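Working notes, structure below.
Please read all numbers here as calculations on a predicted model, not as lab measurements. Below, chain A is the first sequence line, B the second, and so on; all start at residue 1.
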Protein chains: 2
Amino acid sequence: MSSSKTVRLTDKQFALIAKALAEPRRYQILKEIGKCKEQMACSALKEGSDISAATLSHHIKELETAGLITSTKDGKYMKLTVEREVLHAYLEQLSKI
Amino acid sequence: MSSSKTVRLTDKQFALIAKALAEPRRYQILKEIGKCKEQMACSALKEGSDISAATLSHHIKELETAGLITSTKDGKYMKLTVEREVLHAYLEQLSKI
DNA sequence: TCGATATTTCGATAATCATCTAACTATCGA
DNA sequence: TCGATAGTTAGATGATTATCGAAATATCGA
């Protein structure tokens, strides 16, 4: 089970997260990664979507830079995981408005 | 007191909200409006911030288009209010990831 | 009515960013 | 080792957008 340690976001990271979520395609990608029980490979994301590998790679990097996902190399593939603690820290901060 | 009716967001509105929140200045503005117990005038937002009236007006319109705030004209001033139900609907949707 | 204040609109500019193709690196299976 | 597959990087392009100054509109107080 996931730890419940509260993640503290800097202003910079908060802004990065907000920007990462603002692009509809990135939001879709994040949802897709989150839906997967197992970690997900980039190539699986590309299935059935008319996006170039380069663009997909770019979006994944943005999500990663924001801290919303992490990626680990597994042989030929990159495995992607949603960092829910970071997402929830973002939501937490927004809910204080 | 505020109603607890659940707001349903279309994909379009969801995207507008995400985009509105992605600009740090707009997030600051939203927080500022939210901090005020009473409704807030645009001019009060401008205090102590080196932003032009035109830019401020633009950001306020974006927040309004997204549904995150509403504005009512009160004499010389525009009074701004945070639409927390919309914000919370956004958070609700994001938390499902 | 006049001048000051509040806000919006317009048009322009500069910066950011999503997207692509092409070229590259790395790994796997035969 | 070779060819195919996965993913990244670089560089270019077009679209979006944050920003401003200036002009316009509306309202207030004197």
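- The side chain of Met78(B) lies closest to dT8(C) when the candidates are dT8(D), dT8(C), dG7(D).
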Collect all protein-nucleotide pairs involving nucleotides 25-30 of chain D in which both atoms are nitrogen or oxygen and the distance is under 3.5 Å.
none

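- At least one side-chain heavy atom of Gln28(B) sits less than 4.5 Å from a side-chain heavy atom of Lys31(B).
- Listed in residue order, the members of residues 61-71 of chain B having a heavy atom less than 4.0 Å from DNA chain D come to none.
- Rounding to whole angstrom units, CD1 of residue Ile60(B) and P of dT9(C) are separated by 12 Å.
- Within the 4.5 Å cutoff, the side chain of Tyr90(A) has heavy atoms near those of the Leu21(A) side chain.
- Side-chain contact between Lys61(A) and Thr65(A): present, with at least one pair of heavy atoms (C-beta onward) separated by less than 4.5 Å.
- Here the closest heavy-atom approach between residue Glu62(A) and residue Ala20(A) is recorded as O-CB, 4.3 Å.
- The distance between atom CG of Leu80(A) and atom P of dG7(D), rounded to the nearest whole Å, is 8 Å.
- Rounded to a whole Å, the CD atom of Gln28(B) is 12 Å from the P atom of dT19(D).
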Look for any protein N or O under 3.5 Å of an N or O in nucleotides 20-24 of chain D and output each such pair with its distance, or none.
unit_1  : atom_1 : unit_2   : atom_2 : d
dC20(D) : OP2    : Ser52(B) : N      : 3.2
dC20(D) : OP2    : Ser52(B) : OG     : 3.1
dC20(D) : OP2    : Thr55(B) : OG1    : 2.6

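- Salt bridge present: Lys35(A) and Glu32(A) bring a charged side-chain N and a carboxylate O closer than 4.0 Å.
- Atom NE2 in His58(A) sits roughly 14 Å away from atom P in dT16(C) (whole-Å rounding).
- Under the rule for a side chain to side chain contact (heavy atoms under 4.5 Å, CB included), the partners of Ala89(B) that lie at least two apart in sequence or sit in another chain are Val7(B), Leu9(B).
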Worked verdict on Ile29(B) versus Leu80(B) for side chain to side chain contact (heavy atoms under 4.5 Å, CB included):
CA-CA 11 Å; Ile29(B) 291 170; Leu80(B) 308 172; 5.9 Å; no

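- Rounded to whole Å, the distance from OH on Tyr77(B) to P on dT7(C) is 7 Å.
- Using a 4.0 Å heavy-atom cutoff across all strands shown, His59(B) reaches sugar-phosphate atoms only and no base atom.
- Between Lys19(A) atom NZ and dA15(C) atom P the separation is 15 Å, expressed in whole Å.
- Counting only heavy atoms from C-beta outward, the side chains of Thr81(B) and Thr72(B) never approach each other to under 4.5 Å.
- Counting heavy atoms from C-beta outward, Ile51(B) and His59(B) have side chains that approach closer than 4.5 Å.
- We find that CZ of Arg26(B) is positioned 12 Å from C1' of dT16(D), with the value rounded to whole Å.
- Among residue pairs with one or both ends in residues 7-22 of chain B, none qualify as side chain to side chain donor-acceptor pair (under 3.5 Å); sequence neighbours excluded.
- Take Tyr27(B) and apply the ring-ring contact (aromatic ring centres under 6.0 Å, His included) test, not counting sequence neighbours, and it matches Phe14(A).
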